[in-house]
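By convention here, the first residue in the shown sequence is residue 1. All values below come from the heavy atoms of this structure, side chains included, with hydrogens, waters and symmetry mates left out.
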Amino acid sequence: MNKKKIFNDPVYGFVTISTELLFDLIEHPYFQRLRRIQQLGLTAFVYPGALHTRFHHALGAMHLMTLALRTLKDKGVKISAKEGEAALIAILLHDIGHGPLSHALETAIFHEVHHEHLSLYLMQKLNAEHEGRLDLAIRIFRGTYERPFFHQLVSSQLDMDRLDYLNRDSFYTGVQEGRPGADRLIKMLTVVDEKLVLEEKAVYSIENFLVSRRLMYWQVYLHKTVTSAEQMIIRIIQRARDLVRSGHEVPASPDLHFFLSKPVTITDFEQDATILQRFVQLDDTDVWSGVKMWVSHPDKVLSYMSRSILDRKLFKIILQTEPFDKEFKEGVVELIAEHFALSLEDAGQLMLSGRISNNAYDADGKDAIEVLTKRGHVVNVAEASDLPNIRALGQRVEKHYICYPKEIAG
């Protein structure tokens with residue numbers, strides 16, 4: 001069987017699967033599940049075209065990794081076939097541990113289990129199935145391989161993951177200003193002392209990348225309406241979870257019901273293999289089928305919120321730079337209780353509050369973007385030439401939000 005397949009990707013054109021092992025990993029049910037998980041969760045409530053999946057993104061990141069490795073080899077960086085394949089595997093599988101609706105449910109159904117933990121755990125399972133052929137890919141993914149630039153290509157402030165999701169998400173949302181200029185950045189990559197750096201002539205491209213990233217966060221990922229929708233779906237799952245754990249009947253797919261019924265930790269995953277098998281059956285369909293059933297649930301909070309999200313009757317959201325006063329929040333809860341004839345405790349479930357924050361670049365972080373000057377020095381891009389903008393982009397911007405049903409907005 002010919003396993004050197006070609007995908008036609010709307011963002012990059014033809015994407016080639018270069019080795020048989022990569023093909024086998026893509027064919028695996030763990031990876032195929034990513035077809036059923038949307039890359040941007042509920043962002044399509046605002047940008048109707050944003051229906052692409054984690055599957056799309058993983059293949060795109062693999063394609064960019066192929067281009068990056070080719071660029072480095074052309075510049076004389078020694079990369080063996082084994083290292084090249086391992087880097088492609090590491091980026092291909094970097095998101096394999098994502099749960100339904102991407103980031104939205106990480107906190108609602110697990111107890112301190114991050115998708116990075118699950119990605120590593122699934123990679124180790126795949127490694128066992130392939131008799132150790134993923135050993136090097138796992139070392140690259142974890143950052144323990146002695147040539148750190150491979151890990152930087154997978155996970156850093158300028159990695160193939162970020163370059164693809166900015167490219168892809170701007171394409172599917174139609175937010176053209178979010179395109180990061182990935183082609184030029186990749187062409188400017190080089191390696192010094194086994195660390196990834198960019199040539200000095202890339203500084204303006206780096207600035208463009210960071211501006212694109214900041215813009216995408218505020219205009220897409222942290223868009224206020226998207227924030228409202230995501231907080232609603234999180235609260236719906238939390239409400240279903242709390243009802244199940246207090247003995248109420250809540251219909252759900254067997255696998256979703258399992259996670260709603262008990263707090264699962266990473267230790268549980270390690271000690272009970274059946275939990276992982278349940279997790280890899282979960283996708284967006286489980287959540288939406290649950291929400292559709294919960295519309296008719298006797299619990300007023302769960303049924304109201306489920307109906308609201310299905311019909312896109314999203315909660316009003318207010319953003320401000322300062323935290324909301326306790327009195328204001330209590331007043332909102334009282335209005336909800338009065339309007340919906342709920343107890344104050346239940347009414348509190350229909351008020352969502354928290355904060356969102358973003359900095360496009362951590363200039364002082366351990367994986368700061370570094371530039372090779374024409375004189376052969378390696379410096380932090382924030383210190384390179386005349387770009388005070390880059391230091392400014394590192395400033396963290398924080399906003400506080402409160403969401404509540406529009407019916408009480410009067």
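Between the side chain of Gln231 and the backbone N or O of Leu352 there is no donor-acceptor pair closer than 3.5 Å. Of the possible polar contacts, one joining the Arg235 side chain to the Gln349 backbone as a donor-acceptor pair under 3.5 Å is found. Ser308 places a side-chain N or O within 3.5 Å of a backbone atom of Tyr304 that can act as its donor or acceptor partner. Using modelled atom types, one side-chain atom of His223 and one backbone atom of Thr225 make a donor-acceptor pair closer than 3.5 Å. Although no hydrogens or angles enter the test, the distance criterion places no donor-acceptor pair under 3.5 Å between the side chain of Ser353 and the main chain of Ile402. The closest donor-acceptor contact from the side chain of Gln320 to the backbone of Lys399 lies at 3.5 Å or more, if one exists at all. Listed for the Asp159 side chain is a donor-acceptor partner under 3.5 Å among the backbone atoms of Ser156. Judged by distance alone, the side chain of Asn127 and the main-chain N or O of Arg133 form a donor-acceptor pair under 3.5 Å. When atom types are taken as modelled, the side chain of Glu199 and the backbone of Lys201 share no donor-acceptor pair closer than 3.5 angstrom. Proximity of a side-chain donor or acceptor of Tyr30 to a complementary backbone N or O of Lys125 within less than 3.5 Å is not detected.
Looking only at side-chain heavy atoms (C-beta outward), Val280 and His28 stay at 4.5 Å or farther from each other. Counting only heavy atoms from C-beta outward, the side chains of Tyr204 and Arg184 never approach each other to under 4.5 Å. A 4.5 Å side-chain heavy-atom check between Leu93 and Leu134 finds at least one atom pair inside the cut-off. At least one side-chain heavy atom of Leu126 sits under 4.5 Å from a side-chain heavy atom of Ile96. A heavy-atom distance below 4.5 Å is not found between the side chains of Phe340 and Val301. Under the 4.5 Å side-chain criterion, counting only non-hydrogen atoms from C-beta, Val333 is not in contact with Tyr404. At a threshold of 4.5 Å between non-hydrogen side-chain atoms, the residues Lys73 and Arg70 do not count as touching. When side chains are defined from C-beta on, Leu260 counts as touching Ile237, because their heavy atoms get closer than 4.5 Å.
By the 4.0 Å N-to-carboxylate-O rule, Asp367 lies too far from Lys195 to be salt-bridged with it. With respect to Lys5 and Glu27, no salt bridge is recorded, no charged nitrogen being found less than 4.0 Å from a carboxylate O. Remark: Glu146 engages Arg139 in a salt bridge, criterion side-chain N to carboxylate O under 4.0 Å. Comment: Arg239 engages Asp299 in a salt bridge, judged by a side-chain N to carboxylate O separation of less than 4.0 angstrom.
Across every non-hydrogen atom of Gly97 and His115, the tightest pair is O-CB, 3.7 Å. Contact between Ser228 and Cys403 at its shortest, heavy atoms only, is CA-SG, 4.1 Å. Minimum interatomic distance between Asn380 and Ala368 (heavy atoms only, all atoms of both residues): ND2-CB, 3.5 Å. The two atoms that bring Val295 and Ser303 nearest to each other are O-CB, 3.1 Å, heavy atoms only. Of all heavy-atom pairs between Asp95 and Leu34, the closest is O-CD2, 3.9 Å. When every heavy atom of Ile91 is checked against every heavy atom of Met160, the shortest pair comes out as CD1-CB, 4.1 Å.
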Sequence neighbours excluded and cut-off under 3.5 Å, please list the side-chain donor-acceptor pairs for residues 79-87, or say none.
residue	atom	partner	partner atom	Å
Ser80	OG	Glu83	N	3.1
Ser80	OG	Glu83	OE1	3.4
Glu83	OE1	Ser80	N	3.0
Glu83	OE1	Arg147	NH1	3.0
Glu83	OE2	Tyr145	OH	2.4
Glu83	OE2	Arg147	NH1	3.1
Glu85	OE2	Thr19	OG1	2.7

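Note: Gln238 CD to Arg241 CZ = 5.0 Å, rounded to the nearest 0.5 Å. Rounding to the nearest 0.5 Å gives a distance of 9.5 Å between OG of Ser170 and CG of Leu215. To the nearest 0.5 Å, atom CG of residue Asp362 and atom CD of residue Gln157 are 5.0 Å apart. Taking CD1 of Ile275 as the start and NZ of Lys262 as the end, the distance is 7.0 Å to the nearest 0.5 Å. Taking CD of Gln38 as the start and CH2 of Trp288 as the end, the distance is 8.5 Å to the nearest 0.5 Å. From Leu185, atom CG reaches atom CG of Asn208 across 7.5 Å, with rounding to the nearest 0.5 Å.
More than 12 heavy atoms of other shown residues, nucleotides or ligands fall within 6.0 angstrom of atom CZ in Arg245. More than 12 heavy atoms of other residues, nucleotides or ligands sit less than 6.0 Å from atom CD of Gln176. Around the CG atom of Asp193, the shell of radius 6.0 Å holds no more than 12 heavy atoms that belong to other residues, nucleotides or ligands. Within 6.0 Å of atom NZ in Lys4, 12 or fewer heavy atoms from other residues, nucleotides or ligands are found, so the atom counts as exposed in its surroundings. The 12-atom threshold is not exceeded at CD of Glu249, counting heavy atoms of other residues, nucleotides or ligands nearer than 6.0 Å.
Cation-pi contact between Arg33 and Phe279: present, with separation from the ring centre below 6.0 Å and deviation from the ring axis of at most 45°.
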Next item on the list: Quick one: do Ser253 and Asp255 satisfy side-chain hydrogen bond (donor to acceptor under 3.5 Å, both in side chains)? Show the steps, please.
Entry: CA-CA 6 Å; Ser253 70; Asp255 298 305; 5.4 Å; no
Next item on the list: Could you please spell out the steps behind the side chain to side chain contact (heavy atoms under 4.5 Å, CB included) verdict for Asp283 and Ile37?
Entry: CA-CA 6 Å; Asp283 55 44; Ile37 295 180; 4.1 Å; yes
Note to self: Please evaluate residues Tyr221 and Asp169 with respect to the criterion side-chain hydrogen bond (donor to acceptor under 3.5 Å, both in side chains), reporting the C-alpha separation (whole Å), side-chain torsions for both, the decisive distance (0.1 Å), and the verdict.
What the structure shows: CA-CA 9 Å; Tyr221 309 132; Asp169 298 346; 2.7 Å; yes
Item checked: From CA spacing to verdict: side chain to side chain contact (heavy atoms under 4.5 Å, CB included), Ile356, Trp218 -> CA-CA 10 Å; Ile356 50 178; Trp218 290 121; 3.8 Å; yes
Next item on the list: Output, in order, the C-alpha distance, side-chain angles, deciding distance and verdict of side chain to side chain contact (heavy atoms under 4.5 Å, CB included) for Phe14 and Asn8.
Entry: CA-CA 5 Å; Phe14 293 120; Asn8 196 345; 3.9 Å; yes
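Checking Gln281 against Arg278 by side-chain atom types alone, no donor-acceptor pair falls below 3.5 Å. A side-chain donor from one of Thr265 and Asp268 sits under 3.5 Å from a side-chain acceptor of the other.
Considering Leu88, Asp161, Leu92 as possible partners of Met65, the one that fulfils the side chain to side chain contact (heavy atoms under 4.5 Å, CB included) test is Leu88. The only option from Thr190, Leu158, Leu372 that meets the side chain to side chain contact (heavy atoms under 4.5 Å, CB included) definition with Leu198 turns out to be Leu158.
For the ring-ring contact (aromatic ring centres under 6.0 Å, His included) condition, the pairs that include at least one residue of residues 50-72, sequence neighbours left out, are Tyr12-His63, Phe31-Phe55, His52-Tyr172, His56-Tyr172, His57-His94.
Taking the side chain to side chain donor-acceptor pair (under 3.5 Å) definition, one finds that Arg307 meets it with Asp311, sequence neighbours left out.
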